[in-house]
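None of these values were measured; they are calculated from a predicted model.
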Amino acid sequence: MLNKRLDVIKKNYYINHNEELYKEQCAKTLYLPDKLVAFCKEHEIEIRLFSSENGPSQTWYFYFKKFSLGDFESNYSTEFVLSKLADIFLIRHLIEIPLKDPQRLFPSILSDSDEPFCFIQADFEAIMRETFQTEQSFSRMSISKSEEEVEGFVIMDDDTKYSSPIQSFSLAFLDLFEENLRIDR
């Protein structure tokens, strides 16, 4: 189903070059479900909206309470991206563990995953899946799928004549009308 939805984006907006429909969809404002906002309030999860106005998607970051036990600390967050062009969403769970070793090369270890790192992220994700996959029949894009190249679409650099492939994430969630898009049908 996800591939079909990506194909609809390719055809409806880029192959048919329907910029008016694209702008109309991008002008919409999306909202988080009330039960998710209530869950976040109950569990002291900070919500931050991070999106450009009139873009093809909206992105929220959810910051969970810091965990610490003795000298060990971990910070959990989740990124949620919702497309305005098709019924597609992405959930990326994140963890950051500060390093205290004086010989460290980096201040922390960072990792992301489709799978939750802690129980509160799992509970959070269950609400998202129930709302968007079960109730509204959206397709979830995995991190690995988001990095796949979209066949037949490249961005051309006029100066160097170099082309770079477009990834599924870009097609579903980013503005490609501003790019020098070449479509090989």
Side-chain angles (χ1 to χ4, degrees), residues 1-3 5-6 9 22 24-101 104-148 167-176:
M1 189 59 126
L2 177 60
N3 285 336
R5 289 182 171 156
L6 290 170
I9 293 173
Y22 177 85
E24 185 180 303
Q25 291 299 110
C26 291
K28 293 180 178 179
T29 301
L30 305 176
Y31 299 95
L32 293 171
D34 291 339
K35 62 183 162 187
L36 181 71
V37 173
F39 177 85
C40 290
K41 187 174 184 174
E42 177 185 341
H43 295 280
E44 299 177 34
I45 300 167
E46 180 184 349
I47 304 171
R48 289 188 199 162
L49 176 63
F50 181 81
S51 296
S52 62
E53 199 170 305
N54 295 322
S57 66
Q58 282 189 224
T59 302
W60 290 267
Y61 286 93
F62 299 86
Y63 296 93
F64 302 84
K65 288 194 291 188
K66 180 190 289 190
F67 173 80
S68 60
L69 182 62
D71 282 349
F72 179 80
E73 293 178 4
S74 59
N75 298 299
Y76 301 99
S77 59
T78 297
E79 174 188 26
F80 175 65
V81 188
L82 191 57
S83 178
K84 296 179 183 179
L85 304 178
D87 293 341
I88 300 171
F89 70 94
L90 179 135
I91 297 175
R92 180 186 327 254
H93 297 290
L94 303 139
I95 185 171
E96 179 182 15
I97 301 171
L99 296 174
K100 304 198 188 259
D101 181 349
R104 69 184 183 268
L105 294 176
F106 301 99
S108 61
I109 296 171
L110 299 169
S111 185
D112 66 349
S113 175
D114 288 315
E115 300 300 321
F117 289 101
C118 61
F119 289 114
I120 193 75
Q121 280 181 323
D123 294 342
F124 170 88
E125 181 178 307
I127 293 171
M128 297 302 275
R129 278 184 292 140
E130 178 187 336
T131 302
F132 290 99
Q133 283 180 291
T134 305
E135 295 172 8
Q136 298 182 26
S137 299
F138 275 58
S139 294
R140 180 177 179 175
M141 181 181 288
S142 67
I143 295 170
S144 61
K145 178 67 177 180
S146 75
E147 296 169 352
E148 286 182 11
Q167 296 177 324
S168 294
F169 182 90
S170 298
L171 183 66
F173 303 116
L174 300 181
D175 185 353
L176 298 178

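- One finds the OH atom of Tyr31 at 16.0 Å from the CG atom of Leu36 (value rounded to the nearest 0.5 Å).
- Closest heavy-atom contact between Phe138 and Ile88: CD2-N, 3.5 Å.
- Tyr61 and Glu79 make their closest contact through OH-OE2, 3.1 Å (heavy atoms, listed as atom of the first residue, atom of the second, distance).
- Ala172 approaches Leu85 most closely through the heavy-atom pair O-CD1, 4.4 Å.
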Inset, instruction - Carefully, step by step, assess Ile120 and Phe39 under the rule side-chain contact (heavy atoms from CB on, under 4.5 Å). - result: CA-CA 10 Å; Ile120 193 75; Phe39 177 85; 3.7 Å; yes
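- Side chains of Leu176 and Ser170 form a contact here, defined as non-hydrogen atoms less than 4.5 Å apart.
- Remark: Phe117 engages no residue in a ring pair (Phe, Tyr, Trp, His ring centres under 6.0 Å) (not counting sequence neighbours).
- Between Gln58 and Lys84, the shortest heavy-atom contact is OE1-CE, 3.6 Å.
- Surrounding CZ of Phe72 are more than 12 heavy atoms belonging to other residues, nucleotides or ligands, all under 6.0 Å away.
- In this structure, the side chains of Thr131 and Gln136 come closer than 4.5 Å at one or more pairs of heavy atoms.
- With a 4.5 Å cut-off on side-chain heavy atoms, Ile109 and Leu99 count as touching.
- With a 6.0 Å radius and a threshold of 12 heavy atoms from other residues, nucleotides or ligands, Lys100 has its NZ atom above the threshold.
- With rounding to the nearest 0.5 Å, the separation of CG in Asp114 from CZ in Arg92 is 8.5 Å.
- Taken to the nearest 0.5 Å, the OG atom of Ser83 stands 8.5 Å off from the CG atom of Leu171.
- Stacking of Arg48 on the aromatic ring of Tyr63 is recorded, both the 6.0 Å distance cut-off and the 45° axial limit being met.
- With rounding to the nearest 0.5 angstrom, the CD atom of Glu115 is 10.5 Å from the CD1 atom of Ile91.
- In this structure, Lys35 places its NZ atom where more than 12 heavy-atom neighbours from other residues, nucleotides or ligands lie under 6.0 Å away.
- Residue Met141 holds its CE atom at 10.0 Å from CD of Gln167, rounded to the nearest 0.5 Å.
- Of the residues Tyr76, Phe124, Phe119, the one that meets the ring-ring contact (aromatic ring centres under 6.0 Å, His included) test with Phe64 is Phe124.
- Across all non-hydrogen atoms, the minimal contact from Ser113 to Ile143 is C-CD1, 3.5 Å.
- When side chains are defined from C-beta on, Ile47 does not count as touching Lys41, because their heavy atoms never get closer than 4.5 Å.
- Atom CG of Leu6 and atom OG of Ser139 lie 8.5 Å apart (nearest 0.5 Å).
- Using cut-offs of 30° and 60° on the angle between ring planes, the pair Phe132 and Phe89 is tilted.
- When all heavy atoms of Phe173 and Leu82 are compared, the closest pair comes out as CE2-C, 4.1 Å.
- Between Arg5 and Asp87 the shortest side-chain heavy-atom distance falls below 4.5 Å.
- Gln121 and Thr78 share a side-chain donor-acceptor pair at under 3.5 Å.
- Counting heavy atoms from C-beta outward, Leu30 and Trp60 have side chains that approach closer than 4.5 Å.
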